[in-house]
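For ligands, and for the atoms within them, numbers begin at 1 and follow the listed sequence. In what follows, residues are counted from 1 in the order of the sequence shown.
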Amino acid sequence: MERLQKVIAHSGIASRRKAEELIAEGKVKVNGKVVKELGTKVGPSDKVEVNEIPLDKEIPVYFLLYKPRGVISAVSDDKNRKVVTDFFPEVKERIYPVGRLDYDTSGLLILTNDGEFANSLMHPKHEVDKVYVAKVKGIPMREGLRKLEKGIMLEDGKTAPARTKLLSVDKSKQTAIVEITIHEGRNRQVRRMFEAIGHPVIKLKRERYGFLNLHGLSAGEARELTPHEVKMLRALANTGQKR
Ligand code: URA
(Lines give C-alpha, C1' and ligand atoms only; values in the text may rest on other atoms or scores of the structure.)
Protein backbone atom coordinates (compact mmCIF):
# COMPACT_ATOMS: atom_id res chain seq x y z
CA MET A 1 0.00 0.00 0.00
CA GLU A 2 1.22 3.48 -0.81
CA ARG A 3 0.16 7.01 -0.04
CA LEU A 4 -2.29 8.40 -2.53
CA GLN A 5 -0.23 11.50 -3.36
CA LYS A 6 2.79 9.31 -4.11
CA VAL A 7 0.79 7.09 -6.43
CA ILE A 8 -0.51 10.15 -8.29
CA ALA A 9 2.97 11.66 -8.51
CA HIS A 10 4.44 8.39 -9.81
CA SER A 11 1.83 8.18 -12.52
CA GLY A 12 3.50 11.25 -13.98
CA ILE A 13 0.51 13.60 -14.05
CA ALA A 14 1.56 15.87 -11.19
CA SER A 15 4.31 16.58 -8.72
CA ARG A 16 3.83 15.34 -5.17
CA ARG A 17 2.90 18.87 -4.03
CA LYS A 18 0.37 19.30 -6.84
CA ALA A 19 -1.07 15.86 -6.10
CA GLU A 20 -1.66 16.93 -2.49
CA GLU A 21 -3.50 20.00 -3.72
CA LEU A 22 -5.67 17.92 -6.04
CA ILE A 23 -6.57 15.63 -3.15
CA ALA A 24 -7.38 18.54 -0.81
CA GLU A 25 -9.54 20.12 -3.51
CA GLY A 26 -11.65 16.97 -3.75
CA LYS A 27 -10.56 16.16 -7.28
CA VAL A 28 -9.36 12.68 -6.51
CA LYS A 29 -11.54 9.59 -6.24
CA VAL A 30 -10.58 6.17 -4.94
CA ASN A 31 -12.90 3.37 -6.02
CA GLY A 32 -15.51 5.92 -7.02
CA LYS A 33 -15.46 7.94 -3.78
CA VAL A 34 -13.89 11.37 -3.28
CA VAL A 35 -10.97 11.15 -0.87
CA LYS A 36 -9.61 14.30 0.75
CA GLU A 37 -7.30 12.78 3.32
CA LEU A 38 -3.65 13.03 2.39
CA GLY A 39 -2.59 9.96 4.34
CA THR A 40 -4.92 7.60 2.48
CA LYS A 41 -3.17 4.44 1.37
CA VAL A 42 -4.01 2.67 -1.84
CA GLY A 43 -2.90 -0.63 -3.33
CA PRO A 44 -2.57 -1.98 -6.88
CA SER A 45 -6.24 -3.08 -7.01
CA ASP A 46 -7.63 0.36 -6.06
CA LYS A 47 -9.00 2.47 -8.87
CA VAL A 48 -7.71 6.04 -8.63
CA GLU A 49 -9.23 8.84 -10.70
CA VAL A 50 -8.10 12.45 -10.96
CA ASN A 51 -10.68 14.86 -12.36
CA GLU A 52 -12.78 11.81 -13.31
CA ILE A 53 -9.92 10.41 -15.40
CA PRO A 54 -8.42 7.06 -14.32
CA LEU A 55 -4.72 7.17 -13.56
CA ASP A 56 -2.60 5.70 -16.24
CA LYS A 57 -0.39 3.39 -14.29
CA GLU A 58 3.19 3.29 -15.44
CA ILE A 59 4.50 -0.08 -16.45
CA PRO A 60 6.87 -1.10 -13.65
CA VAL A 61 10.53 -1.16 -14.66
CA TYR A 62 13.58 -2.37 -12.74
CA PHE A 63 17.25 -1.55 -13.28
CA LEU A 64 20.60 -2.33 -11.74
CA LEU A 65 23.18 0.48 -11.89
CA TYR A 66 26.89 0.33 -11.16
CA LYS A 67 26.96 3.73 -9.49
CA PRO A 68 30.27 5.52 -9.84
CA ARG A 69 31.71 7.62 -7.04
CA GLY A 70 30.75 11.31 -7.13
CA VAL A 71 27.07 10.77 -7.89
CA ILE A 72 24.06 11.54 -5.67
CA SER A 73 21.55 8.73 -5.02
CA ALA A 74 18.54 10.87 -5.85
CA VAL A 75 16.46 12.00 -8.84
CA SER A 76 17.53 15.63 -8.63
CA ASP A 77 20.04 17.77 -6.77
CA ASP A 78 19.71 21.42 -5.81
CA LYS A 79 23.45 21.90 -6.32
CA ASN A 80 23.23 20.45 -9.84
CA ARG A 81 25.54 17.56 -9.11
CA LYS A 82 25.22 14.36 -11.11
CA VAL A 83 22.39 12.11 -9.90
CA VAL A 84 21.79 8.40 -10.47
CA THR A 85 18.86 8.94 -12.86
CA ASP A 86 21.23 10.83 -15.21
CA PHE A 87 22.46 7.39 -16.27
CA PHE A 88 19.02 6.59 -17.73
CA PRO A 89 18.35 9.31 -20.32
CA GLU A 90 16.20 6.95 -22.41
CA VAL A 91 13.94 5.83 -19.57
CA LYS A 92 10.67 7.74 -19.56
CA GLU A 93 9.29 6.17 -16.39
CA ARG A 94 9.83 8.00 -13.11
CA ILE A 95 12.44 5.72 -11.62
CA TYR A 96 14.19 6.36 -8.33
CA PRO A 97 16.83 4.53 -6.27
CA VAL A 98 15.93 1.81 -3.77
CA GLY A 99 17.79 3.14 -0.75
CA ARG A 100 20.97 5.05 -1.28
CA LEU A 101 24.70 4.90 -1.59
CA ASP A 102 26.75 7.85 -0.36
CA TYR A 103 28.07 10.36 -2.87
CA ASP A 104 31.56 8.85 -2.50
CA THR A 105 30.46 5.21 -2.47
CA SER A 106 30.38 3.24 -5.70
CA GLY A 107 28.58 0.02 -6.49
CA LEU A 108 25.32 -1.76 -6.96
CA LEU A 109 22.11 0.23 -6.79
CA ILE A 110 18.62 -0.79 -7.87
CA LEU A 111 16.29 1.74 -9.45
CA THR A 112 12.59 1.27 -10.11
CA ASN A 113 9.25 3.06 -10.39
CA ASP A 114 7.56 0.28 -8.40
CA GLY A 115 6.94 1.77 -4.98
CA GLU A 116 5.69 -1.37 -3.29
CA PHE A 117 8.71 -3.32 -4.51
CA ALA A 118 11.08 -0.58 -3.28
CA ASN A 119 9.35 -0.31 0.08
CA SER A 120 9.41 -4.03 0.72
CA LEU A 121 13.14 -4.24 -0.07
CA MET A 122 13.86 -1.33 2.26
CA HIS A 123 11.61 -2.49 5.08
CA PRO A 124 13.83 -2.85 8.17
CA LYS A 125 12.46 -6.35 8.82
CA HIS A 126 13.18 -7.56 5.32
CA GLU A 127 16.44 -5.85 4.55
CA VAL A 128 18.49 -7.93 2.20
CA ASP A 129 22.18 -8.80 2.74
CA LYS A 130 24.53 -6.27 1.19
CA VAL A 131 28.22 -6.95 0.65
CA TYR A 132 30.64 -4.02 0.71
CA VAL A 133 34.35 -3.90 0.08
CA ALA A 134 36.08 -1.21 2.09
CA LYS A 135 39.62 0.11 1.88
CA VAL A 136 40.41 1.27 5.38
CA LYS A 137 43.13 3.19 7.10
CA GLY A 138 45.39 1.01 9.23
CA ILE A 139 45.24 -2.75 9.54
CA PRO A 140 42.31 -3.96 11.65
CA MET A 141 43.05 -6.67 14.16
CA ARG A 142 40.82 -9.71 14.52
CA GLU A 143 39.42 -8.22 17.71
CA GLY A 144 38.22 -5.07 15.94
CA LEU A 145 36.54 -7.04 13.20
CA ARG A 146 34.91 -9.27 15.77
CA LYS A 147 33.33 -6.18 17.33
CA LEU A 148 31.74 -5.40 13.98
CA GLU A 149 30.56 -8.99 13.69
CA LYS A 150 28.91 -8.97 17.09
CA GLY A 151 27.34 -5.54 16.66
CA ILE A 152 28.82 -2.23 17.67
CA MET A 153 27.25 0.73 19.41
CA LEU A 154 26.78 3.73 17.13
CA GLU A 155 25.03 6.97 17.99
CA ASP A 156 21.74 5.58 16.60
CA GLY A 157 21.99 2.26 18.45
CA LYS A 158 23.74 -1.07 18.22
CA THR A 159 24.26 -2.54 14.77
CA ALA A 160 22.96 -6.00 13.90
CA PRO A 161 25.53 -8.78 13.56
CA ALA A 162 27.69 -8.47 10.45
CA ARG A 163 30.14 -10.72 8.63
CA THR A 164 33.67 -9.57 7.85
CA LYS A 165 36.62 -10.92 5.89
CA LEU A 166 40.09 -9.36 5.77
CA LEU A 167 40.91 -9.60 2.07
CA SER A 168 44.38 -8.02 1.94
CA VAL A 169 46.74 -5.71 3.75
CA ASP A 170 49.29 -3.21 2.51
CA LYS A 171 51.86 -2.99 5.28
CA SER A 172 53.90 -0.22 3.66
CA LYS A 173 50.88 2.02 3.10
CA GLN A 174 49.19 0.84 6.31
CA THR A 175 45.84 0.15 4.65
CA ALA A 176 43.64 -2.93 4.40
CA ILE A 177 40.83 -4.20 2.22
CA VAL A 178 37.94 -5.67 4.18
CA GLU A 179 34.73 -7.27 2.95
CA ILE A 180 31.74 -6.63 5.20
CA THR A 181 28.21 -7.98 4.90
CA ILE A 182 25.37 -6.15 6.60
CA HIS A 183 21.62 -6.23 6.14
CA GLU A 184 20.65 -2.95 7.72
CA GLY A 185 20.60 0.26 5.73
CA ARG A 186 21.39 3.07 8.13
CA ASN A 187 22.91 6.30 6.93
CA ARG A 188 26.66 5.94 6.28
CA GLN A 189 26.55 2.74 8.30
CA VAL A 190 29.66 0.98 7.01
CA ARG A 191 31.74 4.14 7.27
CA ARG A 192 30.54 4.71 10.84
CA MET A 193 31.17 1.09 11.82
CA PHE A 194 34.80 1.20 10.68
CA GLU A 195 35.26 4.64 12.22
CA ALA A 196 34.04 3.15 15.52
CA ILE A 197 36.88 0.59 15.53
CA GLY A 198 39.45 3.23 14.61
CA HIS A 199 39.84 2.39 10.91
CA PRO A 200 38.21 5.09 8.81
CA VAL A 201 37.08 4.09 5.34
CA ILE A 202 39.16 5.47 2.48
CA LYS A 203 37.13 3.90 -0.33
CA LEU A 204 33.84 2.00 -0.34
CA LYS A 205 32.06 -0.11 -2.92
CA ARG A 206 28.87 -2.17 -2.72
CA GLU A 207 29.67 -5.42 -4.51
CA ARG A 208 26.48 -7.37 -3.92
CA TYR A 209 22.84 -6.89 -3.06
CA GLY A 210 21.26 -10.21 -2.10
CA PHE A 211 22.10 -12.52 -5.01
CA LEU A 212 22.81 -9.65 -7.43
CA ASN A 213 26.35 -8.64 -8.33
CA LEU A 214 28.08 -6.24 -10.70
CA HIS A 215 29.47 -8.84 -13.12
CA GLY A 216 29.70 -7.56 -16.68
CA LEU A 217 29.20 -3.89 -15.77
CA SER A 218 31.66 -1.01 -15.52
CA ALA A 219 31.10 2.05 -13.36
CA GLY A 220 28.32 4.14 -14.92
CA GLU A 221 26.72 1.20 -16.73
CA ALA A 222 23.29 -0.22 -16.03
CA ARG A 223 21.12 -3.11 -17.13
CA GLU A 224 17.51 -4.10 -16.72
CA LEU A 225 16.79 -6.73 -14.09
CA THR A 226 15.31 -9.89 -15.60
CA PRO A 227 11.73 -10.82 -14.63
CA HIS A 228 13.21 -13.79 -12.77
CA GLU A 229 15.54 -11.53 -10.75
CA VAL A 230 12.62 -9.26 -9.87
CA LYS A 231 10.61 -12.27 -8.74
CA MET A 232 13.51 -13.54 -6.62
CA LEU A 233 14.02 -10.11 -5.02
CA ARG A 234 10.31 -9.98 -4.19
CA ALA A 235 10.55 -13.39 -2.58
CA LEU A 236 13.62 -12.30 -0.61
CA ALA A 237 11.93 -9.18 0.69
CA ASN A 238 8.72 -10.95 1.56
CA THR A 239 10.26 -13.80 3.44
CA GLY A 240 12.86 -11.67 5.16
CA GLN A 241 15.58 -14.05 4.03
CA LYS A 242 18.96 -12.52 3.56
CA ARG A 243 20.05 -14.27 0.37
N1 URA B 1 27.40 2.36 4.22
C2 URA B 1 28.04 3.52 4.04
O3 URA B 1 28.75 3.99 4.91
N4 URA B 1 27.89 4.16 2.87
C5 URA B 1 27.12 3.69 1.86
O6 URA B 1 27.01 4.31 0.81
C7 URA B 1 26.46 2.48 2.08
C8 URA B 1 26.62 1.84 3.27
What's the verdict on salt bridge (charged side-chain N to carboxylate O under 4.0 Å, His left out) for Lys203 and Asp104, showing C-alpha distance, side-chain angles and the deciding distance?
CA-CA 8 Å; Lys203 223 170 162 185; Asp104 286 325; over 6 Å; no
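With a 4.0 Å cut-off on non-hydrogen atoms, Val190 touches ligand 1 through its backbone as well as its side chain. For Leu204, every heavy-atom contact with ligand 1 shorter than 4.0 Å involves the side chain, none the backbone.
A salt bridge does not link Lys41 with Asp46: none of the charged nitrogens is closer than 4.0 Å to a carboxylate oxygen. Here Glu149 does not pair with Lys147 in a salt bridge; the nearest charged N to carboxylate O distance is not below 4.0 Å. Between Arg234 and Asp114, at least one side-chain N (NZ, or NE/NH1/NH2) sits under 4.0 Å from a carboxylate O, which counts as a salt bridge.
Listed by number with element, the atoms of ligand 1 under 4.0 Å from a non-hydrogen atom of Thr105 are 4 (N), 5 (C), 6 (O). Atoms of ligand 1 lying under 4.0 Å from any heavy atom of Gln189, numbered from 1 in the order shown and given with element: 1 (N), 2 (C), 3 (O).
For atom 4 (N) of ligand 1, the closest heavy atom belonging to the protein is Asp102 OD2, 2.7 Å.
Residue Arg192 places no N or O, backbone or side chain, under 3.5 Å from any N or O of ligand 1. Where the criterion is an N or O separation shorter than 3.5 Å, residue side chain and backbone included, Arg191 meets it with respect to ligand 1. Close N/O approach between Arg186 and ligand 1 is not found [any backbone or side-chain N/O within under 3.5 Å].
A donor and an acceptor atom, one from each side chain of Arg188 and Thr105, are nowhere located under 3.5 Å apart.
Cation-pi check for Arg223 over Phe63 is not met; the charged atom does not lie both under 6.0 angstrom from the ring centroid and within 45 degrees of its normal. Geometrically, Lys82 engages Phe87 in a cation-pi contact defined by less than 6.0 Å to the ring centre and at most 45° from the axis.
Closest to atom 7 (C) of ligand 1 by heavy atom, among Tyr103, Tyr132, Phe194, is Tyr132.
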